[in-house]
Structures are given as C-alpha cells and as structure tokens.
Amino acid sequence: MTVGAAREFNWLGESGVLTRVNSLTCGQERLGFERGDGMFVSMTGLLIATRNLHKVEEIRAILGGGFRYLMLKDFEDAPEVEEDAGTFVGNATKKAVELAKWRSRLQDKGCEDTFVLADDSGLEVDALNGAPGVHSARFAALDTGDPGNSASAENNAKLLRLMKGVPMEQRGARFRCVVALAPVPKLREEGSSPVCYADEAELGTRIFEGLCEGRIGFEPKGRGGFGYDPLFIPEGYERTFGELSEEVKNRLSHRAGALAGVREFLARPRRDSTTDEHG
Ligand code: ITT
C-alpha cells in the first residue's frame, strides 16, 4: 500500500462529493480507494486537458463521480498545445495526444488506467457561414491580432454587430463539441531511457461529438454559463443558456452529447488500453 501524492489526485466520491483519500493502491492493476466499508473501488483517471475552468466544471458535473479527475492546473509544467489544426477534431486530437505523451513521460504512479480528455468546441452561426467555428475563443481578436483568447463580452459584441438586421428566422446556430480521449501509454525502457513512441493512431484516440441546435438572440441575457451562452437560445426554449439553469444546460448541451459517448465507451469492458503494445 502506497500513499499517493495528494497534490495529484482530486477524488470525487460516488456521491459527487470530494472524498478524502486515506490510502491509494498503486499496484499493477488500477488506482482506486478504500471506501469506509473496506471495499476497494477502482476508478479510471481522467486528465481534463483544458485551461477553461468553465469547461472543467461542466465536464465534471456531466460525468459525475466514479472517475479520478486530474486537472491541468495541478501540473505546473504541463505543455501549452497550440491549436492550429483548423478543425475541432484536429485540435481536440492534438491536445489529447500531446498531453497523453507528456503525462506518460512523467513515469509516476498516477498514470495507470488514465485517459486524457480534450474538448474543442465552438459556435457555428448559419448567417455567418459557420463562423466563428474553430475561432470561437478568439473571434474578436481575429480583427485586432491580439494574442490569446478574447474576452467573452468582446466576442459577443462582435457577433451581435455582424448579426445586426438579421431576422429571428435566419438566426439559426449550433454549438459543437468534439471530445478526444487518448489513453496515457505506458513507457517502455530503451537503454536507460524511457521512450514513448505512440502516435495518435497507436494511442487509439477516440473521438466523440455533440451538437446543440438553437438560435442567436438580439441581446445578451443571463449571467449563467460562459462564452456565448448569454446569446444562445437552445431549440425548444425561449431563454438563453445564460438564463437557464446549469442542470438544463448540462442536459441539453453539445458537451453533454459528446460526453454521453465518452461515458458509454468507458463503461465498456476493455483490455488495458494504456499498455504500450510495442514493448
Ligand atoms: P481550452 O483550449 O483550454 O480547452 P478554450 O476556451 O480556448 O479552452 P476552445 O479552443 O475549445 O477552448 O474554444 C471554445 C470557445 O467556444 C470558448 O472559449 C467559448 O467562446 C465557446 N464555447 C464553447 N463551448 C461553449 C459553451 O458551452 N457555452 C458558451 N460558449 C462556448
């Protein structure tokens, strides 16, 4: 029995409440924890590869307990991955694969049965031929050339400006979310150095997609959610995601759609996909 590094592990108990861990089992099998009744509970680890804390909250709320969550903010040296692929699938895959390889190279006990979960998402507006799309996070900055993501208020202001005069029946839009799930591969020893050869295909990265159809309102409404939520009215509703409750958003959203696939995949019996098959 080994006591794990507390910094690394955020444990969500089955109740959804952060559970204090007394002991971690770091055997060849899986990490888990001992419940009060002495039963060993095995949990798959999910490293959530996003620096957007709103996304982290939503992902955890949607997937719930039963997973061992790790956050990028817990790793000071986690690499920044440039999102230059031009598609949601390309960017999500790049984030998941690069971070899975990096995590693998750390060679500690926290890697067993762990997947990197990367979310690339955005808003597609029909009247703008699908813009802002993959540029959703830095829509306003496309005009100014400013580095990094734009403030949500600036993105929303630009969207409303471009949609000025567009009638409600032509304000159709959708949120799209692509989640890439990459297993953290086990390293193999070569000489005295650990080596990770796995590329995207070898890692067996899985892609899950979710869509949420709706329309763009005429003014920002509500303070809930993040990003374009104050402007987005989901199909079947009259209020924006900014006005609707978290529970409603997390049931309807593009992220919920993609994560339903992730949950279903992780619930299936699988062989140890984090094993390096080249060894
Ligand atoms: P990471 O790359 O670290 O995950 P990010 O915010 O830069 O964080 P993306 O590149 O995927 O993430 O950009 C997503 C943008 O799309 C986000 O900043 C919002 O502007 C918008 N967006 C995505 N999902 C959204 C949601 O559920 N509600 C509102 N806006 C959303």
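When reading the values below, keep in mind they use all heavy atoms of this one structure, side chains included, and skip hydrogens, waters and symmetry mates. Both counts, for ligands and for their atoms, begin at 1 and track the order of listing.
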**Message:** Tell me whether G225 reaches ligand 1 (any heavy atom closer than 4.0 angstrom to a ligand atom).
**Reply:** no

Measure the distance from [atom] to every protein heavy atom, then report the residue, atom name and distance (to 0.1 Å) of the closest one.
atom	result
atom 20 (O) of ligand 1	Y228 CE1, 3.3 Å
atom 6 (O) of ligand 1	N52 ND2, 3.0 Å
atom 7 (O) of ligand 1	N149 ND2, 3.0 Å
atom 11 (O) of ligand 1	K55 NZ, 2.8 Å
atom 24 (N) of ligand 1	R255 NH2, 3.0 Å
atom 25 (C) of ligand 1	F226 CZ, 3.4 Å
atom 14 (C) of ligand 1	S121 O, 3.1 Å
atom 4 (O) of ligand 1	T50 OG1, 2.6 Å

**Prompt:** After noting the C-alpha distance and the side-chain angles of E82 and K95, does the key distance pass the salt bridge (charged side-chain N to carboxylate O under 4.0 Å, His left out) rule?
**Reply:** CA-CA 8 Å; E82 199 187 344; K95 286 192 263 191; over 6 Å; no

**Item:** Short side-chain donor-acceptor distance under 3.5 Å, R255 and S121
**Value:** yes

**Message:** Looking only at side-chain N and O atoms, does T50 offer a donor or acceptor that is under 3.5 Å from a partner on N52?
**Reply:** no

**Request:** Cation-pi check, R60 to Y69: give yes when NZ or CZ is under 6.0 Å from the six-membered ring centre and within 45° of the ring axis, no otherwise.
**Result:** yes

**Asked** Quick one: is the NZ or CZ of R174 closer than 6.0 Å to the six-membered ring centre of F232, and within 45° of its axis?
**Response** no

List every atom of ligand 1 that sits less than 4.0 Å from any heavy atom of [X], numbering the atoms from 1 in the order shown and giving each element.
X	result
D120	9 (P), 10 (O), 11 (O)
D119	4 (O), 11 (O)
S136	15 (C), 16 (O), 20 (O)
H254	24 (N), 25 (C), 26 (C), 27 (O)
R51	3 (O)

**Item:** salt bridge (charged side-chain N to carboxylate O under 4.0 Å, His left out) partner of D119, the single match among K55, R176, R51
**Value:** K55

**Asked** Is the backbone of G148 close enough, under 3.5 Å, to the side chain of R138 for a donor and an acceptor to pair up by distance?
**Response** yes

**Message:** Please check: side-chain N/O of D229 versus main-chain N/O of F226, any donor-acceptor pairing under 3.5 Å?
**Reply:** yes

**Prompt:** Heavy-atom distance to atom 28 (N) of ligand 1: which of V134, I59, D229 wins?
**Reply:** D229

**Complete:** To atom 2 (O) of ligand 1, the nearest of R138, E83, K249 on a heavy-atom basis is E83

**Request:** Check the pair E58, K249 against salt bridge (charged side-chain N to carboxylate O under 4.0 Å, His left out), reporting the backbone distance first and the verdict last.
**Result:** CA-CA 9 Å; E58 289 190 4; K249 181 181 177 190; 2.8 Å; yes

**Message:** When you compare ligand 1 with N155, is there at least one nitrogen or oxygen pair between them that comes in under 3.5 angstrom?
**Reply:** no

**Asked** What orientation do F175 and H254 show, parallel under 30°, tilted 30 to 60°, or perpendicular over 60°?
**Response** parallel

**Prompt:** Salt bridge or not for R268 and E264, using N-O below 4.0 Å?
**Reply:** yes

